[in-house]
Amino acid sequence: MRLLIFGRQGAGKGTQSALLAEHYGAVHISTGDVLRAAVANATPVGLEAKSYMDSGQLVPDEVMLGVVEERLAQPDIVEHGFLLDGFPRTVPQAEALLGITDVDVAVDLVVPEDVVLERISSRRVCSSCGRIYSVGMPPAEGWTCDTCGGEVVQRADDTPEAVAKRLAAYSSETEPTIRCFEDKGLLATVDGLGTPTEVQDRLVAAIDAAVAS
Ligand code: AMP
């Protein structure tokens with residue numbers, strides 16, 4: 001399965017991608033997670049990406065294409081397929097992606113802006129493994145990750161200023177990107193409101209219907 005998932009910041013893409021990747025046996029690639037690991041390891045890509053990420057801007061297309069092309073060529077992806085979360089985010093990224101691989105379905109997880117703003121302000125994330133928590137659903141003990149024992153923190157780019165920039169970039173850059181997949185008949189639109197299980201059931205039904213058609 002070769003899947004893309006679109007959705008505003010805070011729409012639940014991270015949570016749903018992990019569930020969907022498991023359901024379809026595909027490899028989950030979150031470009032945000034790949035970049036955060038590169039920043040943490042101070043790689044050349046990380047050093048270049050950090051200031052864009054911290055201020056809520058998109059990392060330049062040529063950097064992103066290098067990261068994604070390298071990852072898609074790895075044997076686990078060739079064998080199991082992929083679920084790309086956070087890529088493509090611009091029309092040139094979409095065109096480049098379609099030049100290197102076919103895509104079976106692109107899903108757009110739709111959540112209204114007022115809901116995502118509320119979710120982002122309460123979001124917390126493990127700085128080590130990326131597991132997502134919230135102020136209302138914290139780890140069992142303090143701010144220590146239940147999965148890996150890492151420190152659970154607020155993302156550096158979940159500040160109000162950076163969030164506003166990311167939402168603006170979503171409207172100006174990513175919404176036209178979604179239309180590319182709609183024009184190709186590859187888009188399934190799914191309501192992202194509800195419990196994680198309800199949303200997952202809707203996503204699986206929409207993906208299965210799109211693949212069968
Ligand atoms: P995310 O975790 O998906 O919200 O991504 C965090 C940040 O990483 C974004 O705000 C961008 O700065 C950067 N980023 C992730 N994916 C991309 C992409 N496809 N194109 C440009 N920048 C990206």
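Counting begins at 1 with the first residue of the sequence. Predicted model only: the values in this text are computed from it and were never measured. Order of listing sets the numbers, starting from 1, for every ligand and every atom in it.
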- request: Would you mind running through ligand 1 and noting each atom that sits below 4.0 Å from a heavy atom of Q93?
  value: 18 (C), 19 (N), 20 (N), 21 (C)

- request: For G86, take its heavy atoms, then give the atoms of ligand 1 lying under 4.0 Å from any of them.
  value: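 Ligand 1 atoms under the 4.0 Å threshold to G86: 16 (N), 17 (C), 18 (C), 19 (N).
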
Does only the side chain of [X] get under 4.0 Å from ligand 1, or the backbone, or both, or neither? Count heavy atoms.
| X | result |
| --- | --- |
| L58 | both |
| R155 | side chain |
| R166 | side chain |
| Q57 | backbone |

Do [X] and [Y] come close enough that some side-chain heavy atom pair is under 4.5 Å?
| X | Y | result |
| --- | --- | --- |
| R155 | R36 | yes |
| L84 | L97 | yes |
| L4 | V107 | no |

- request: Could you tell me whether some N/O pair between D33 and ligand 1 is separated by less than 3.5 angstrom?
  value: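 Checking ligand 1 against D33, no N or O pair falls under 3.5 Å apart.
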
field: Separation between CZ of F87 and CG of L72, rounded to the nearest 0.5 Å
entry: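 One gets 8.0 Å once the value is rounded to the nearest 0.5 Å.
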
query: So how far is it from D61 CG to R89 CZ, rounded to the nearest 0.5 Å?
result: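 CZ of R89 is found 11.5 Å from CG of D61.
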
For [atom], closest protein heavy-atom neighbour:
| atom | result |
| --- | --- |
| atom 22 (N) of ligand 1 | V59 N, 3.0 Å |
| atom 14 (N) of ligand 1 | L35 CD1, 3.5 Å |
| atom 1 (P) of ligand 1 | R89 NH2, 3.5 Å |

- prompt: More than 12 non-hydrogen atoms from neighbouring residues, nucleotides or ligands closer than 6.0 Å to CD on E69, yes or no?
  reply: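 Count not over threshold, so no.
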
field: Best match, M53, R8, Q9: closest heavy atom to atom 7 (C) of ligand 1
entry: M53

- line: Nearest heavy-atom approach of G86 to T31 is O-OG1, 3.0 Å

- request: Let me know which of L3, I29, V68 forms a side-chain contact (heavy atoms from CB on, under 4.5 Å) with F82.
  value: I29

message: Yes or no: does R36 have any heavy atom under 4.0 Å from an atom of ligand 1?
response: yes

